[in-house]
Amino acid sequence: NGCLEVDIHIYSEMLYCFSAFWLRSSTDMFCFLRPVRRLCLGKVSPRWFFCSRAFSGAEAVNALRPFYFAVHPDFFGQHPREREVNENSLQRLSVYLENLQKPGSKSLKPTQLTFYVRETDQNSSDGQEPFSTLGFRAVKFTLHTRDLLSTVLYILNSCSLSVEHVQSLNSNVRPQPPKEAKRMPDRPIKWDKSYYSFTGFKDPDEDLEHVSKMETTLTSWLDNNGKRAIKKLENSLPLRKELDRLKDELSHQLQLSDIRWQRSWGLAHRCSQLHSLGRLAQQNLETLKNAKGCTVIFTDRSGISAVGHVMLGTMDVHHHWTKLFERLPSYFDLQRRLMLLEDQISHLLGDIQVVYIEELQPVLTLDEYYSLLDVFYKRLLKNRVPFHPQSLRGLQMILNSDRYAPSLHELGHFNIPTLCDPVNLQWFILTRAQQARENMKRKDELKIIEDELIQASTKKFSLEKFYKEPSVSSKQMVDCCKRLLGQSLPYLQGMHLCVSHFYSVMQDGDLCIPWNWKNGDTIK
C-alpha cells in the first residue's frame, strides 16, 4: 500500500486546474444552459457532485483507498496470475492519473483496465459478476474521464465500492444539492451534434466510438505507438548497457549464479538496486560471499525463498541485507533438511515428486515452506495409506495451504491441500494418475513447439528480445506466435516485444501486446 500511495502522491503534486477553470468558464458563457447541464450530470453523479470544487490529487489518493485495498497485489500472493494482472493495471492507472493532472490535457486516450477485486466489507456482487469461491471477481472497465473526481467515482462504482466517503473528503460540499440539481426520471436524452459543437461539451457517443477504435488491431496499434516505443527504447540504451555491466560485475565479484527481479521495475530502478548491492559489497565483501552459487532476487521482502534464492527486499536497509547474508550458512542447513523432508513425503506417496513451482505458487520463504511440508508429512504419518512403491514415479505434486480439495492442473501436476484427508488423497491421485501423465506429455510437447515458434518469430521480425509474462500459458503463446508469423510488422525490427494481456508501451520502450490480439481492419 505504501509504494502505491507514494507514487500517486508524486502525481498529485502536479497542479490540476484545467478542468475546474473550463467548467467555470463554460458556466459563465452559457448560463442559460445550466439547467440542461445539471439535468444530464444528475443522472450519473451523486447530488453533491455539482457543489464540489476541483478535486485535488491528495484527495483522490484518499478517496481510492478502498479500491487499493480491494485490488492491491500483496493480497493476491497465492494467485500469481491475478496478482500480475493487478500490478500491470495499477501501473497503467498511475500513468492515466499522471496524464490527467498535466495542465492542458484536453483529450486522453481511453484506457481499458482489468482488475481482480477482492470481496471486502464495502463491495457486493449485486448487479455484478458474483465473487468466485476464491473470494474475488474480475472487473473490466474503460477510463475516458476528464477530471480526477469523475475518474475516482467511475473507478469506485465500477468495482461496486461505496462513494459516500468521497463527499467527506471534499470540504466544500454542501449537505444538500441546489434545487435545480434535483434528479429527473431516468430516461436517455439524445442531443443533436450541434449542441456539443456549440457548448464544447464532450459527446458521449464519440467517446464510445473512440473506445471501440482503441480496442483495435495489432497493426493499427503499432502504427500509432511504434515511433514512441522506438524513441523510448533508444533513450534507454545507455541504461541497458549500465544494467548489464553492473549485473556482470556483481555476479563475478560475488560468484552468483544469477541476479533477477520479481517485479517489472524500470531500468533506472534496477540499476539503483544494483548500485546499492555494490556499495554493500565494498563494505562487507566476505559476508556477501556467503551467497556463492546462489541466485539473488530483488523483491518485496528479504529472506531465503522456498527454492533457496536470496531475496533482497528493496525497501530494506543495508543492515537487514547484511544480517541475511550472515545467516546464509544456517539457511543452507535448513534447505538440506527440507530436501530430505520432500524425499520422505515422496516415499510415502509412491515416489511422486514434491515440487515448488515459482510461477504458480505464492512467494514463500524457506522457513514457511518447510513448515508447510512438515505439517503435511505429520498428517501422512498419522494416517498412513498404502501406495505401491514407485507407482507414481514421474508425476509431480505441489502443496497449497489455501485449498480444501485436491485438483489436477492442466499442466499435469497435482494441487494438494496441506490439510487434505490422506484417504481421499489416495483415491484422488490413483484415479487421475493416467490423466496427469497425459497432461504432462502434452505440456512437454507444447513447450517444444513454443520454443521453436519464439525462435522463428524472433528471427522473422529481427527482434532484439521476445518474451512473455509468466501469466501467459504456453498454449496462449503458441497461438499468438502462429498468428504473428502470418503478419508483416516492420515496426518490430530491433524492438523488445512482450506477450501479455494488454497493449502498452513500457517506460523503457518494451512493447506489450495481448496474446489474443485482433486481426483485420480497425473497428469502425
* Asked: Under 3.5 Å, is there a donor-acceptor pair between the Gln273 and Trp265 side chains?
  ->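 Trp265 and Gln273 do not have a side-chain donor-acceptor pair below 3.5 Å.
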* To do: Return yes if a side-chain donor-acceptor contact under 3.5 Å exists between Gln435 and Asn439, otherwise no.
  =>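 Result is yes, a qualifying pair exists.
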State plainly whether the residues [X] and [Y] are in salt-bridge range, i.e. N to O under 4.0 Å.
X	Y	answer
Asp300	Arg83	yes
Arg240	Asp510	yes
Glu234	Lys231	no
Glu410	Lys475	no

* Answer yes or no: is there a donor N or O on one side and an acceptor on the other, between the side chain of Ser473 and the main chain of Gln476, under 3.5 Å? => yes
* **Side-chain (Ser302) to main-chain (Leu312) donor-acceptor, under 3.5 angstrom** => no
* Structure fact -> Nearest heavy-atom approach of Leu463 to Leu497 is CD2-CB, 4.0 Å
* Where does the angle between the aromatic ring planes of Tyr116 and Phe136 fall among parallel (under 30°), tilted (30 to 60°) and perpendicular (over 60°)? ->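 The rings of Tyr116 and Phe136 stand perpendicular, inter-plane angle above 60°.
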* Asked: Looking at the rings of Phe115 and Phe67, which for Trp means the six-membered one, are their centres under 6.0 Å apart?
  ->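 For Phe115 and Phe67, the ring centres are under 6.0 Å apart.
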* With rounding to the nearest 0.5 Å, note down the distance linking CG in Asn157 to OG in Ser150. =>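 Spacing of CG (Asn157) from OG (Ser150) equals 11.0 Å.
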